[in-house]
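Below is one structure, written out as structure tokens; comments come after it.
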Amino acid sequence: MATVGSHGRVHYDLPIPSVRIRSNPKNASFGSLKPWLISHHSKFGNFYSELRLQRKIPSPESMSTLGVLSSNQSTMDFSMSGDLIKDHVDSGFPEDALKVFVKMLECGFPLDEFRFFPVLIKAFGVISDVEKVREIHVHLVKLGVLDDIYVANSLLGVYWKCGEARDAIQLFWKMPKKDSVSWNTMISGFCRSGDYMGSLRMFSQMIREHGVLPNRVACLSALSSCSALKSLLHGKEIHAFVLKSGLDLDDDFLISGLADMYMKCRDVKNAGYIFEGILDKEAVRENAVIWNVMILGYVSNGYFSQAVELFVEMLESGILPESSTMVAVLVLCSGLLDLAVGKQIHGFAISHGLDKDVRVETALIDMYFKCGYAKAGLDIFKTSLNRNIVMWGAAISNCAQSGLPSEALDLFHNYRMKNGFADSLIVLAALRACSSLTLKSKGLEIHGLVVKSGFGSDVFIGGALVDMYAKCRDIESAEKVFYRLLDRDLITWNALISGYAQNGCPDEALKAIHDMQSERITPNSVTSACVLSVCAHLSAMTLCKEVHGYLLRRGFGSNDLISNSLIATYAKCGDINSSRTIFRKMPEKNEVSWNSVFLGLGMHGHADEVFVLFEEMEESGMKPDHATFTALLSACSHAGRLEEGFKYFRSMVECYKLEPQLEPYTCMVDLLGRAGQLKQAYDMILAMPCAPDDRIWGSLLAACKSHGDRRLAEVVADHILELDPTNIGYRILLSNLYEDYGKWEEVNRVRTEIKDMGLKKSPGCSWIEVDNDIHTFVAGDRSHHHTVDIYDALERLTLQIRKAGYVPQSPLVTVGPSDVLHKDLTSTKTNSLLFLATARDKDQAASAKIMT
DNA sequence: GTAGGGTTAG
């Protein structure tokens with residue numbers, strides 16, 4: 001009899017069951033279940049009434065209106081109760097099934113049959129409460145009903161459903177009798193728990209050691225395992241068995257299972273044969289699943305046109321596409337980057353009522369982002385009513401990859417606020433967003449989350465962490481993360497190597513490439529691009545040529561990334577002709593190719609050639625971006641072309657609607673500064689929309705020095721030292737400037753400050769590669785065995801510079817991006833000397849001098 | 001009365 005307690009919970013009086021076990025009279029006492037019921041009864045009562053409150057499942061009171069469970073009814077239809085249990089389980093209310101069972105005991109039903117035991121056991125599986133399953137296991141043993149194969153098989157299935165592989169395996173081998181259902185439960189259990197080899201082992205053991213022939217269910221499960229393992233060999237064996245065993249060849253489950261196996265094993269041809277085999281079998285042909293399998297199989301194997309054809313054929317055959325068809329075709333559009341077709345599919349999905357499926361929505365989001373229409377993707381995400389972790393992941397990763405890193409981090413934040421847990425893909429995307437924003441504080445926070453969530457051993461996450469720290473210019477932390485990784489793959493190595501390359505650690509980069517190869521990891525095009533960037537840093541022409549040769553031998557000659565790197569590297573190594581040739585020979589140039597050649601030519605003083613090429617770029621329909629204008633303006637600045645500089649700066653804003661960031665402004669300030677228009681340069685810095693950094697001020701400071709504006713120099717120096725108080729380079733520049741004016745007091749003041757702050761100047765260092773040898777020089781160095789020739793050459797160069805109309809400030813030649821110096825050096829017939837000195841860092845760039 | 005099956009999203 002049920003009563004409602006003070007807290008609104010339903011309590012039950014204890015039942016006094018009278019039970020007779022028909023098939024096992026020895027264990028006929030139901031008494032053993034009684035203590036269990038006593039101890040669990042009220043627990044279950046509370047448990048289920050809580051569940052009911054949460055999920056609004058029908059109450060026993062409402063069930064009694066069915067006339068089955070009226071508590072004052074002394075006799076109840078036994079078979080109807082069994083059916084009710086089954087109904088509850090089938091309709092997804094296992095709690096109610098258990099309640100009916102308890103009710104039956106209350107009513108004193110004789111349990112002389114256990115027809116409904118299996119279905120009852122299944123109810124435990126749905127609730128997925130292992131402890132309760134183990135308890136009922138004990139009672140099933142005590143009742144002696146586990147000898148019944150139906151009961152045992154049910155329990156076996158429940159253990160697998162609860163993810164308890166060990167209990168399932170133990171039970172299976174203890175079972176005195178096993179039928180095909182028992183075996184199949186094991187084969188699929190292993191498969192669903194991810195132990196695919198275990199699943200296939202069961203399959204083979206069943207046949208070989210126990211002589212049980214697989215039925216279609218066993219074959220389907222085993223095929224799933226083959227697909228997951230991408231094991232074509234095993235898959236073909238099963239296919240052969242299916243053909244020999246006389247299994248139904250018109251079975252559409254088997255056919256789609258086979259086709260899927262072949263597709264997953266990348267054997268598109270055999271998948272095609274399977275599909276052709278059904279074209280004349282109408283019943284099979286009308287099943288959309290096989291079409292879905294084929295279309296998605298083609299897409300994931302890169303057979304895009306076949307996928308398109310099949311989809312068209314499907315529509316023409318009048319087969320109604322399903323949500324999975326939409327997903328497959330949308331993934332196809334993402335692969336083809338075809339926005340127009342993607343939009344059509346979107347419309348199609350709407351008109352067929354398939355657009356509100358989570359997977360379809362997610363595929364739509366991904367398609368819009370991949371096809372460059374981020375806004376549409378975000379709109380779907382924002383209006384979706386069924387966002388799950390995958391959809392969030394799609395939105396966050398796509399934002400991070402589509403140049404919307406701030407949006408990615410905002411979404412990440414929202415997601416964490418709502419859900420707390422983020423999976424490794426979401427964390428990965430957030431880390432990548434931090435990398436592109438060089439947002440170390442946020443990156444550190446996510447690193448903490450990585451450790452807490454146990455994603456530390458994930459190679460992808462590891463690589464992203466290395467990359468994040470490297471991009472945030474914290475190469476020490478990048479190294480630390482890298483060397484703590486248990487698994488290091490090519491990607492992680494590349495992250496470290498490019499980190500070294502980008503942070504001015506060329507030696508470390510080269511060593512890392514060496515170490516990577518001693519771990520038997522072969523460099524790819526990304527690694528090679530890093531080596532090239534190191535060559536550019538070091539102006540290491542020989543190494544550059546060696547790498548180039550290696551790349552040609554490995555067939556990377558037509559790789560975009562490589563060609564672009566070569567353009568930049570040859571230019572930086574002084575060989576602008578090779579740079580130009582590689583650019584010209586590229587069959588398909590992308591934005592980076594154009595930008596690289598502009599930068600290279602500009603660096604070499606070929607401004608006019610850059611201007612002509614830019615027109616060519618515009619004519620070719622390629623759209624200039626921020627980097628293009630930075631390169632153009634840098635060319636202008638190198639050649640002192642103020643007028644053109646202003647022209648491009650205006651066109652950037654007015655024609656291309658690009659808002660200039662710091663770099664173009666730096667070029668403009670440099671240009672104005674060189675032209676002596678110091679006031680305009682200063683005003684431009686003050687008026688620009690972004691915050692000035694030390695470099696732009698540094699450029700103006702250098703201009704102040706060369707044009708002798710001491711008063712402005714002091715103002716500028718204040719700005720710099722506020723931004724970067726420990727930067728010694730600018731302080732030295734300032735002290736040199738005072739020196740020019742004979743302001744010895746000021747000189748002393750600055751020098752004392754430097755001393756008091758404990759700042760040390762690392763000596764300016766230059767080097768040059770001659771016949772595979774690197775010759776290094778520091779300031780005042782006279783140790784080189786050609787020192788006399790070198791100083792002779794320097795004097796001659798200084799003369800030439802004067803002749804060309806440039807006035808060296810002092811007998812010292814400043815190392816820097818001076819194309820004039822560079823041009824003269826390369827054209828001078830001093831064969832032994834090819835001066836391509838590069839300062840190691842910006843400190844030295846500001847003050848390094850070749851040989852005092 | 002039991003068990004078991006196919007495609008699909010980041």
Side-chain angles (χ1 to χ4, degrees), chain A residues 79 82-83 85-86 113-122 125 145 148-158 160-161 168 172 178-189 191-192 214-224 227 251-261 263-264 284 287-297 299-300 321-331 334 354 357-367 369-370 377 380-381 384 386-401 411 415 422-426 428-429:
Chain A
S79 64
D83 290 344
I85 287 178
K86 194 172 185 318
E113 272 189 65
F114 35 90
R115 194 163 55 83
F116 51 83
F117 262 74
V119 92
L120 199 63
I121 294 166
K122 193 174 160 191
V145 295
D148 184 283
I149 190 111
Y150 291 98
V151 174
N153 283 342
S154 311
L155 188 62
L156 196 61
V158 167
W160 279 116
K161 277 210 187 83
F172 177 75
K178 302 173 182 69
D179 63 0
S180 60
V181 174
S182 331
W183 283 101
N184 294 348
T185 307
M186 293 304 281
I187 296 166
S188 87
C191 176
R192 281 191 304 185
N215 59 14
R216 57 190 290 278
V217 176
C219 289
L220 279 168
S221 288
L223 278 173
S224 281
S227 303
D251 181 332
D252 43 3
F253 276 85
L254 266 179
I255 287 167
S256 46
L258 280 167
D260 183 51
M261 180 275 293
M263 281 300 196
K264 294 259 163 66
V284 186
N287 186 341
V289 175
I290 179 79
W291 294 83
N292 300 342
V293 169
M294 290 303 290
I295 295 173
L296 193 78
V299 174
S300 40
E322 306 171 327
S323 64
S324 353
T325 324
M326 294 297 97
V327 170
V329 184
L330 287 168
V331 175
S334 307
L354 298 169
D357 179 290
V358 213
R359 290 183 165 95
V360 174
E361 279 185 324
T362 309
L364 277 168
I365 293 170
D366 198 52
M367 181 278 293
F369 268 102
K370 295 273 151 62
I380 293 176
F381 175 75
S384 170
N386 40 13
R387 277 176 240 167
N388 63 10
I389 191 165
V390 182
M391 196 188 281
W392 276 94
I396 297 173
S397 326
N398 274 304
C399 281
Q401 283 164 32
L411 287 178
Y415 178 77
D423 67 7
S424 65
L425 280 169
I426 290 179
L428 185 68

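Order of the sequence lines fixes the chain letters, A, B, ..., with proteins taken first and strands second; residue numbering starts at 1 for each chain. All figures in this text were calculated on a predicted structure; none of them were measured in a lab.
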Using a heavy-atom cut-off of under 4.0 Å over every strand shown, decide if [X] touches base, sugar-phosphate, or nothing.
{"X": "A:Val360", "value": "nothing"}
{"X": "A:Ile426", "value": "base"}
{"X": "A:Ile389", "value": "base"}
{"X": "A:Ser180", "value": "nothing"}
{"X": "A:Val289", "value": "base"}
{"X": "A:Leu296", "value": "sugar-phosphate"}
{"X": "A:Arg192", "value": "sugar-phosphate"}
{"X": "A:Asp357", "value": "nothing"}

Can you tell me the distance, in whole Å, between the [atom1] atom of [X] and the [atom2] atom of [N]?
{"X": "A:Ile365", "N": "B:dG10", "atom1": "CD1", "atom2": "P", "value": "11 Å"}
{"X": "A:Arg216", "N": "B:dG5", "atom1": "CZ", "atom2": "P", "value": "11 Å"}
{"X": "A:Arg359", "N": "B:dA9", "atom1": "CZ", "atom2": "P", "value": "7 Å"}
{"X": "A:Met294", "N": "B:dT8", "atom1": "CE", "atom2": "C1'", "value": "16 Å"}
{"X": "A:Leu220", "N": "B:dA3", "atom1": "CG", "atom2": "C1'", "value": "14 Å"}
{"X": "A:Asn184", "N": "B:dA3", "atom1": "CG", "atom2": "C1'", "value": "7 Å"}

Should [X] be listed as having a side-chain N or O under 4.0 Å from OP1 or OP2 of [N]?
{"X": "A:Lys178", "N": "B:dT2", "answer": "no"}
{"X": "A:Ser224", "N": "B:dG6", "answer": "yes"}
{"X": "A:Lys161", "N": "B:dG4", "answer": "yes"}

- Query: Looking at B:dT2, does its base get a donor-acceptor pair with the side chain of A:Ser154 below 3.5 Å?
  - Reply: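 No, the side chain and the base share no sub-3.5 Å donor-acceptor pair.
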- Message: Taking atom types as they are modelled, would you say the side chain of A:Asn388 forms a donor-acceptor pair with the base of B:dA9 within the 3.5 Å cutoff?
- Response: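 Indeed, a donor on one side and an acceptor on the other fall under 3.5 Å apart.
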- Message: As an exercise, state the distance from CH2 of A:Trp183 to OG of A:Ser188, rounded to the nearest 0.5 Å.
- Response: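 One finds 13.5 Å between CH2 of A:Trp183 and OG of A:Ser188.
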Return the nearest nucleotide to the side chain of [X]; candidates are [options].
{"X": "A:Phe253", "options": "B:dG5, B:dA9, B:dT8", "answer": "B:dG5"}
{"X": "A:Asp366", "options": "B:dT2, B:dG10, B:dT8", "answer": "B:dG10"}
{"X": "A:Tyr150", "options": "B:dT8, B:dG6, B:dG1", "answer": "B:dG1"}
{"X": "A:Val151", "options": "B:dG4, B:dT7, B:dG1", "answer": "B:dG1"}
{"X": "A:Thr185", "options": "B:dA3, B:dG5, B:dT8", "answer": "B:dA3"}
{"X": "A:Asp260", "options": "B:dG6, B:dG4, B:dA3", "answer": "B:dG6"}
{"X": "A:Asp423", "options": "B:dG1, B:dG10, B:dT7", "answer": "B:dG10"}

- Query: Which of these passes side-chain hydrogen bond (donor to acceptor under 3.5 Å, both in side chains) with A:Asn153: A:Thr185, A:Asp179, A:Asp148?
  - Reply: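 Considering A:Thr185, A:Asp179, A:Asp148, a side-chain hydrogen bond (donor to acceptor under 3.5 Å, both in side chains) with A:Asn153 is found only for A:Asp179.
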- Task: Could I get the full list of side chain to side chain contact (heavy atoms under 4.5 Å, CB included) partners for A:Asp252, not counting sequence neighbours?
- Result: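 If we apply the side chain to side chain contact (heavy atoms under 4.5 Å, CB included) test to A:Asp252, skipping adjacent residues, the hits are A:Val284, A:Asn287.
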- Query: Side-chain contact, heavy-atom cut-off 4.5 Å: A:Lys370 with A:Gln401?
  - Reply: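 In short, these two side chains touch, coming nearer than 4.5 Å.
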- Message: With a 4.5 Å cut-off on side-chain heavy atoms, are A:Phe369 and A:Cys399 touching?
- Response: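 Touching, per the 4.5 Å side-chain cut-off.
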- Message: A:Asp357: which residues meet the salt bridge (charged side-chain N to carboxylate O under 4.0 Å, His left out) condition with it, sequence neighbours left out?
- Response: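 Applying salt bridge (charged side-chain N to carboxylate O under 4.0 Å, His left out) to A:Asp357 gives none.
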